[in-house]
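Beneath this line is the structure, given in structure tokens, with notes to follow.
Indexing begins at 1, ligand by ligand and atom by atom, following the structure's order. Numbering of residues begins at 1 and proceeds along the displayed sequence.
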Amino acid sequence: MSDLNETSRQALTEPASAVQGLGAARSRGDGKVKVTGEARYAVEHQPDNPLYGVVIQSTVASGRISRLSTDRAQQAAGVVAIYTHLNPLKIIKPTAIADGGAAQSTYTPIQDDKIIHNGQNIGLVVAETFEQATWAASLVEIEYETDAALIFATDEGVEPKPVSKQDIDMGDAQQAMQQADVRLSERYTTPREYNMPMEPHACVAQWQDGRMTVWEPSQWVAGAQVEIAEWMGIDVESVRIISPYVGGGFGSKPVPYTHVALASVASRALNRPIKVSLTRPQTFTGLGGRPATSQQLELGASRDGKIQAIIQRSFSETSLIDVFAENCSKVTARMYAVENVSAQHEVRPINTVTPGWMRAPGENPSAFGLEVAMDEMAYALDIDPLELRLRNWADKDYQLDLPWSSRRLKEAYQKGAEAFGWDQRIMAPRSMREGRELIGWGMASGTYPVNKLPAEAKIILTAGGRFIVQCAGADIGTGTYTILAQTAADILNVASTAIAVELGDTTLPRAGVAGGSQLAGNVTAAVDDTARRMRDQLLKLASELPHSPLKGTPVSALTLERDGVQGQGSDARLTFAQLAALAPAESLTVKGGTFPEEMSQEERDKMVRNLNDMSRPEKFSAHSWSAHFVEVRVDEDFGTIRVKRMVAALDSGRLYNPKLARSQWIGGMIMGVGQALMEEGIVDPRNGRVINNNLADYLVPVNGDIPEIITINVGEPDFEATTLGGKPVGELGIVGVAAAISNAVFHATGKRVRDLPITLDKLI
Ligand code: MCN
Ligand code: MOS
């Protein structure tokens, strides 16, 4: 615990109450099975008599397959089938997320000879063993007829598409800009970035008796179910997704990608279970990461530091077949009190796989641009960067013209600055040093919005008197297992460590995506409701069951205590185990949730199976907030950058579990260090290949890159935001970090780097 400051340490060492309900800083319930290797990840499921599928990917970016021969591969030992466009299995085009479906990409592999990006999935070799399939795949001969490809969003011939729905047009930005005393206009860019969870994308597909079961790591089992059903042309109800453990997703596992389509149709054709695992290099193009973004950002301010206008023109790359917008204006008009804002974003289709979500899609590059630009404006005006932010304090959401549900960002600025020692900062760049090391202090703000969707849960009291909480939601390393036990524990008044939680299966009660940092809020509300219903049921049973020692006692005189029902002011009690023995089994299963009572089953299915029904609170603008303070050390001779200290003060409303929230925050911050200093998918301009498509060359931070991280919780319960008062945690931590680091590097060196990552060559 050496990396904890006093505040965090106190939270973690507080004497735990017996119940350890919401707010208790307990460790993860799934921690032990994960660290002991007992937890089975999707591809570790071992079906009887499995086959192994290896995906073939294209090696050119554009054109068609002119010759493909499987002759040699067919002869190889153990080969069962080779599926390509010459021997295709039908895969039906799925509905895109934007159109109410669950497909990140609508590409359907092996249906034709067309190549639209390098590393495109174009075949599946199926054999008795993984090694045999891998060898046989290497024997498939492929030749291409290539066309000129669009490799970068800035290439000639790229035809931009506006995504005008998200454009911002407030006040008169052009005129206000003209009248501003000080103007600056710069371009901020972020490269392709890849989620790179430890568990790669790998599934087991099993067709049996007309039904499909897929063990697939999933942030959203209901979405996976829909997409697989669509690909296969079967009823959604005949697909089951099983995903109890996910080895990280970071936005890369909301839905299955085309290797899962190949696995599913192959399993049906061969009537045997199939394991398909993308290699790490294949994950760089078998699915998309964060697309490269670019934003021209113009800020106009008065001499005394009031931002009067923002004009932003941004774009992000997408594939030739799908529109995925990494919208750079998500925080542009929200962070400060600015009346005049014009922002337009467009996508630029190129020969790449359809990009996808990656921790805080949109908010992340948006905050990078805005928060570096604010630092630049602070220097242009010679005002302390923190002071400039306070002078532009937004007392409401200017974009929506709504009051904030809660915004403890001033507290975050203050507490963060205090813990960091910001008042010791000397404004001028290159003014702080220790030996050869230039010291830089930078800060930035971050935010993430509250999203909502109803969910359901089921609670079962077992014959042994234990509670099981069930919900289809995912735990992708976040803590869902733990916080749901804590939620139920509060109401049932039993130790949360004694409550079992089952997640990640389409046969469980409905829940939406572990994405948009909303699952915790959605499913704690559902479990809270269900636990209340269970409590009422248990009290009623105790009071009514013929052989209950509490029979006849009014429910109002009963409480749940010490693993049983207790009569107030009497010794009469009934343990949960005794109650379970007396009660009819079906009375011990209780369902609840947050769907409107009258909503039909079909309507509920529809809601959790698409992403368009997610909502935001209506009367308030609800967001999490953060203030980041960073110290970097830059070697004057070599330009190497080390992050020396990180302090963040964050407002995520009520914390369901402070230990897990901190773990999420620092996870996001560490990812932010990677984004700031290391991460970049390097694309070969000749052929669109991602050159550094492995974890040796695609750099992410390791322990040695990360300093002490201090997190300060400034949140308070916000019941306008969510039922139980919590706000987003999962994605908040990363937003603003790259800007704070870039600002710190400027302070150290006097060099402004607007193009991520900040590598040493950019400091020369
Ligand atoms: N939490 C809390 N108090 C709150 C809100 C959340 O204590 N008020 C804690 C809980 O432990 C909860 C966790 O934070 O389980 C995340 O909650 P939430 O912010 O609602 O996010 P989701 O449950 O929707 O998880 C998804 C989110 C996203 S979108 C990405 S991307 C991301 C992230 O979580 N990917 C992750 N965190 C990740 N953490 C891990 N280990 N692996 C990933 O892939
Ligand atoms: Mo998170 S990028 O919304 O899965």
At a non-hydrogen distance cut-off of under 4.0 Å, which region of [X] contacts ligand 1 (side chain, backbone, both, or neither)?
X      : answer
Ser652 : backbone
Gln518 : backbone
Gln219 : neither
Ile483 : side chain
Met358 : neither

Atoms of ligand 1 less than 4.0 Å from [X] heavy atoms?
X      : answer
Gly516 : 29 (S)
Thr480 : 15 (O)
Leu660 : 11 (O)
Lys727 : 4 (C), 5 (C), 8 (N)
Ala520 : 6 (C), 12 (C), 17 (O), 18 (P), 20 (O), 23 (O)
Gly726 : 8 (N)
Arg654 : 3 (N), 4 (C), 8 (N)
Gly249 : 43 (C), 44 (O)

Does only the side chain of Pro361 get under 4.0 Å from ligand 2, or the backbone, or both, or neither? Count heavy atoms.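 For Pro361, the contact with ligand 2 is made by the side chain alone.
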With heavy atoms only and a cut-off of under 4.0 Å, state how Glu731 meets ligand 2: side chain, backbone, both or neither.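 Glu731 to ligand 2: side-chain contact only, backbone stays beyond 4.0 Å.
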Over all atoms of both residues, closest heavy-atom pair of Ala495 and Ala489: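 Residues Ala495 and Ala489, closest heavy atoms: C-CB, 4.3 Å.
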Looking only at protein heavy atoms, which one is nearest to [atom], and how far off is it?
atom                    : answer
atom 25 (O) of ligand 1 : Thr478 CG2, 3.5 Å
atom 41 (N) of ligand 1 : Gly477 O, 3.2 Å
atom 27 (C) of ligand 1 : Gly730 CA, 4.0 Å
atom 37 (N) of ligand 1 : Gln664 OE1, 2.6 Å
atom 26 (C) of ligand 1 : Ala514 O, 3.5 Å
atom 21 (O) of ligand 1 : Ser517 CA, 3.4 Å

Between Arg408 and Glu716, does any NZ, NE, NH1 or NH2 come within less than 4.0 Å of an OD or OE carboxylate oxygen?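 Salt bridge present between Glu716 and Arg408.
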Does the pair Asp718/Arg654 count as a salt bridge with the N-to-O cut at 4.0 Å?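 So Asp718 does not pair with Arg654 through a salt bridge.
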Take a 6.0 Å sphere around NZ of Lys32 and say whether it holds more than 12 heavy atoms from other residues, nucleotides or ligands.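 Not buried by this count: 12 neighbours or fewer within 6.0 Å.
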Residues Gln166, Ser329; criterion side chain to side chain donor-acceptor pair (under 3.5 Å); working and verdict: CA-CA 8 Å; Gln166 296 169 348; Ser329 48; over 6 Å; no
Taking a cutoff of less than 4.0 Å between a non-hydrogen atom of the residue and any ligand atom, is Gly516 in contact with ligand 2?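 Within the 4.0 Å threshold, so yes.
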Is the closest N or O pair between [X] and ligand 1 shorter than 3.5 Å?
X      : result
Val729 : yes
Ile476 : yes
Gly251 : no
Glu731 : no

Relative to the heavy atoms of [X], which atoms of ligand 2 are at a distance of less than 4.0 Å?
X      : result
Gln219 : 4 (O)
Gly515 : 3 (O), 4 (O)
Arg359 : 2 (S)
Trp357 : 2 (S), 3 (O), 4 (O)

Apply side chain to side chain contact (heavy atoms under 4.5 Å, CB included) to the pair Ile459 and Gln470, showing each step before the final yes or no. CA-CA 6 Å; Ile459 299 182; Gln470 296 182 330; over 6 Å; no
Could you go through Arg290 and Glu679, starting from their C-alpha distance and side-chain angles, then the distance that decides it, and tell me whether this counts as salt bridge (charged side-chain N to carboxylate O under 4.0 Å, His left out)? CA-CA 11 Å; Arg290 194 194 306 278; Glu679 291 192 48; over 6 Å; no
How about [X] and [Y]: do any of their side-chain heavy atoms sit closer than 4.5 Å?
X      : Y      : answer
Thr497 : Arg26  : yes
Gln486 : Tyr656 : no
Val608 : Leu453 : yes
Val450 : Pro728 : yes
Gln104 : Glu227 : no

Any chance you could lay out the salt bridge (charged side-chain N to carboxylate O under 4.0 Å, His left out) test for Asp605 and Arg510, step after step, and finish with the verdict? CA-CA 8 Å; Asp605 280 336; Arg510 298 176 181 89; 2.7 Å; yes
Can you label the angle between the Tyr257 ring and the His259 ring as parallel, tilted or perpendicular, going by 30° and 60°?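 The rings of Tyr257 and His259 lie parallel, inter-plane angle below 30°.
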Tyr698 and Phe284 aromatic ring geometry - parallel, tilted or perpendicular at 30°/60° bounds: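 The arrangement is perpendicular - the two ring planes meet at more than 60°.
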Step by step, work out the side chain to side chain contact (heavy atoms under 4.5 Å, CB included) result for Val255 and Trp220. CA-CA 7 Å; Val255 294; Trp220 181 29; 3.8 Å; yes
Have a look at Tyr481, Tyr656, Phe250, Tyr448 and point out the one with the heavy atom closest to atom 36 (C) of ligand 1.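 Nearest heavy atom to atom 36 (C) of ligand 1 lies in Phe250.
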Compare Asn522, Leu519, Thr722 and give the one whose heavy atom is closest to atom 23 (O) of ligand 1.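 Nearest heavy atom to atom 23 (O) of ligand 1 lies in Leu519.
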Picking from Asn364, Thr293, Thr190, what satisfies side-chain contact (heavy atoms from CB on, under 4.5 Å) with Cys328?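 That would be Thr293.
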